[in-house]
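Please read all numbers here as calculations on a predicted model, not as lab measurements. We count residues from 1, following the sequence as given.
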Amino acid sequence: MINYSFCKAMRFLLLAYGLWLSQLGLAQSRSIKIVGGQVPSGTERRLALVIGNKDYRHVRALKNPLNDAQDMSNALEQIGFEVITLTNTTFGQMIAGLNRFKDKLTTSDVALLYYSGHGVSYNGRNYLMPIDAELRCLEQIEENSVSLNRVLADIAARQVRNSFVFLDACRNLPDLSICNGTQKDVTLQTGLVRPTNNPRGSMIVFATEEGNTADDNVNGRNGLFTEALLKYLTKPNLSIRAILDQTDLEAEAKSGGRQSPARYDKIRGEFMFVIQTPADPLPVTPAPSNAESVTRSEPARRQNQTKPIASGKPTLTPTRLTNYLDLPFADLVYVPGGSFQMGDTRNEGSGNETPDHRVIVSSFMMGKYEVTQRQWEAVMGNNPAYFKDCPDCPVESVSWEEVQEFLRKLNIRTNMRYRLPTEAEWEYAAGGGDVANRSRFGNGQDTLDPSQVNFDGNGQYITPYSVSGKYRNKTVEVGSLEPNQLGLYNMSGSVWEWCQDWYGDYSSAEQTNPTGPATGSYRVLRGGSWFTEPQRCRSSYRGRNTPESRFNYVGLRIVLSIP
């Protein structure tokens, strides 16, 4: 089968917290990391080649490719790319530009190719058309156009960390005959074809689905797909998948459903172009010498934590999420903001869950798994866990104060601002972040069984829930049980998880991003553990303990703010 299409736009956006997010929600790599991934911060380069071909000599000229190329180059420069920009290129100029781009690539790079102009698919492959392409018969396509397969192969040969290709396409070519003959291609269809060599670590995006055409948007400055993409590309704290989700929705809406972008995604983990954080330092400090010092210092730390970002143009820091410790199970999941009813009027298990009240939570990124013994030891140089025969089990026997020291060292090492979740963030995420389908156990339904939760299945209380009893009497590997709707594992059972808040009574008033009392005697614990009965594994149940206490059923999960 032979297909033809006109292509306009190749771009790279990329990795959440959505964040985040697929979802805006984040994909699931084996671990998290920021800028530079597995190389020291500052050594990763971002290199982009932007091509806009508008004034074709032998086929219909297009309206917007030069605007697309100019606007895309400006946007990419804002987010840390070194950009090579080519406009109205002949075949020779395109080849020279591609060779220059290829020669500058190294294994530490993020590579992005954006193309706006005519494109052709022939014999199951896609081609980019220079302005001097004169296609009088089918076989001339290969001789007069640049093979997308060749471009992808050149990038793959350099073993770059991640690559992104964006094609914004429109088709308007005449039917072509076989060279030296009169036979027409009776199977001719519009649109590009699925890429045949989508390398690992790459993402290829078409402005529309296979077999369809894209809108050049003659009444606007940019092609329909490009116009939508530019709106989200430089926004901080969006994963590449979140950016594309929003782009897809807008392109579909503006085209009346006729244009639906397509993506071919082989990115591992999540990628974010920009993370923006407040100028203030993260409110974590070395473990205080006594409980009194914790109480006195907390108001100042909490003030820093909630201080708004200064007005004016934000500083955008190009950032990428990958593996921060080269260890498994250190992923982040993007949790999109929203509202929910915090607490529970049933108040089962005496968890001080009333009054229930409406809470609005901003988007954030949360550890897909609890912090493991292996990860703790990599940062702290010791393993305090009681169940030491399982390096990928959650670390436990850590106090709230020791967790603050872990976060301080982690943030120095990664140049980031990880913290504990607030109590509201934890409950919202445990319930799947969906007010209409909030799960009492954080695992998708009002049941408990050994495939979903590690808890005391002997059932110390009479409950209205389905409970299959299996008492493991120990922790289990993170990720070994079923996740909730957001892809978060072990939000119920396993180990209690420290929250940032001091423990206090609820208010009935609606709140936005509550952080709990300014001072107190106990820190909040959430989620239940292998040691607790079903009621205390509910997403609304509230536990507590003193900041210096440690038990073999208490651990932690990290969070990254998205201001």
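Nearest heavy atom pair, residue Ser260 against residue Glu252, reads OG-OE2, 2.7 Å. Nearest heavy atoms, Thr87 versus Asn53: C-OD1, 4.2 Å. The nearest pair of heavy atoms linking Ser255 to Leu224 is CB-CD2, 3.6 Å. The two residues Tyr127 and Ser145 come nearest to each other via the heavy atoms CB-CB, 3.6 Å. In terms of heavy atoms, Lys235 sits closest to Val274 at O-CB, 4.3 Å. Between Pro328 and Asp392, the shortest heavy-atom distance links the atoms CG-OD1, 3.9 Å.
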Query - side-chain contact (heavy atoms from CB on, under 4.5 Å) evaluation trace for Ile204 with Leu152 - result: CA-CA 10 Å; Ile204 301 172; Leu152 296 175; 3.5 Å; yes

**Report entry** Leu407/Lys409 under side-chain contact (heavy atoms from CB on, under 4.5 Å): CA gap, chis, key distance, verdict
**Finding:** CA-CA 5 Å; Leu407 292 169; Lys409 289 184 175 181; over 6 Å; no

Requested in this report: Could you give me the CA-CA distance, side-chain angles and deciding distance for Glu227 and Lys254, then say whether side-chain contact (heavy atoms from CB on, under 4.5 Å) is met?
Outcome: CA-CA 11 Å; Glu227 179 182 70; Lys254 287 195 172 182; 3.0 Å; yes

Requested in this report: Would you sort out whether Lys102 and Ile155 count as a side-chain contact (heavy atoms from CB on, under 4.5 Å), showing the intermediate values?
Outcome: CA-CA 7 Å; Lys102 177 187 70 174; Ile155 294 173; over 6 Å; no

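Between Met491 and Trp426 the shortest side-chain heavy-atom distance falls below 4.5 Å. Two residues are said to be in side-chain contact when any heavy atoms from C-beta on lie closer than 4.5 Å; Arg158 and Asp103 meet this criterion. At least one side-chain heavy atom of Tyr264 sits less than 4.5 Å from a side-chain heavy atom of Phe206. A heavy-atom distance below 4.5 Å is found between the side chains of Val335 and Tyr428. For the pair Leu230/Met72, a side-chain contact is recorded, criterion being any heavy-atom separation below 4.5 Å from C-beta on. In this structure, Ser561 and Arg417 have side chains that are not in contact, with every pair of non-hydrogen atoms separated by 4.5 Å or more. Annotation: side chain of Tyr56 is in contact with side chain of Met129 (closest heavy-atom distance under 4.5 Å). The shortest side-chain heavy-atom distance between Thr512 and Arg358 does not fall under the 4.5 Å cut-off.
Interatomic distance, CG of Asp71 versus CG of Leu233, reported as 11.0 Å (0.5 Å rounding). Taking CD1 of Ile84 as the reference point, atom CG of Leu113 lies at 10.5 Å (rounded to 0.5 Å). Between Asn67 atom CG and Leu62 atom CG the span is 12.0 Å, to the nearest 0.5 Å. Rounded to the nearest 0.5 angstrom, Tyr232 OH and Leu249 CG are separated by 8.0 Å. Atom CZ of residue Phe101 and atom CG of residue Leu47 lie 5.0 Å apart, to the nearest 0.5 angstrom. Between Glu134 atom CD and Asn144 atom CG the span is 8.0 Å, to the nearest 0.5 Å.
In terms of modelled atom types and a separation under 3.5 Å, the side chain of Arg374 and the main chain of Leu327 share no donor-acceptor contact. Of the possible donor and acceptor atoms, none in the side chain of Asp109 sits under 3.5 Å from a partner among the backbone N and O of Ala111. Judged by distance alone, the side chain of Asn149 and the main-chain N or O of Arg125 form no donor-acceptor pair under 3.5 Å. Formation of a donor-acceptor pair under 3.5 Å by the Asp248 side chain with backbone atoms of Asp245 is not found in this model. Between the side chain of Asn162 and the backbone N or O of Ser202 there is no donor-acceptor pair closer than 3.5 Å. Checking side-chain atoms of Gln246 against main-chain N and O of Ile243 turns up no donor-acceptor pair under 3.5 Å. Distance alone, capped at 3.5 Å, is enough to place a donor-acceptor pair between the Asn88 side chain and the Asp55 backbone.
Tested against Phe364 for a side chain to side chain contact (heavy atoms under 4.5 Å, CB included), the candidates Leu332, Val559, Val333, Asn513 yield a single pass: Val559. Each of Ile51, Ile95, Leu128, Ile131 was scored for a side chain to side chain contact (heavy atoms under 4.5 Å, CB included) with Thr89, with one residue passing: Ile51.
With sequence neighbours excluded, the residues forming a side-chain contact (heavy atoms from CB on, under 4.5 Å) with Leu98 are Leu49, Val146, Val151, listed by chain and number.
Between Glu82 and Arg46 there is no salt bridge, since no side-chain N of the basic residue sits under 4.0 Å from a carboxylate O of the acidic one. Here Arg419 pairs with Glu425 in a salt bridge; the nearest charged N to carboxylate O distance falls below 4.0 Å.
Using a 3.5 Å distance cut-off with no hydrogens or angles, the side chains of Tyr489 and Glu482 do not pair a donor with an acceptor. Of the N and O atoms on the side chains of Asp68 and Asn222, at least one donor lies less than 3.5 Å from an acceptor on the other residue. A donor-acceptor contact under 3.5 angstrom links the side chains of Thr85 and Ser73, judged on distance only.
Within a 6.0 Å sphere centred on CZ of Arg221, other residues, nucleotides and ligands contribute more than 12 heavy atoms.
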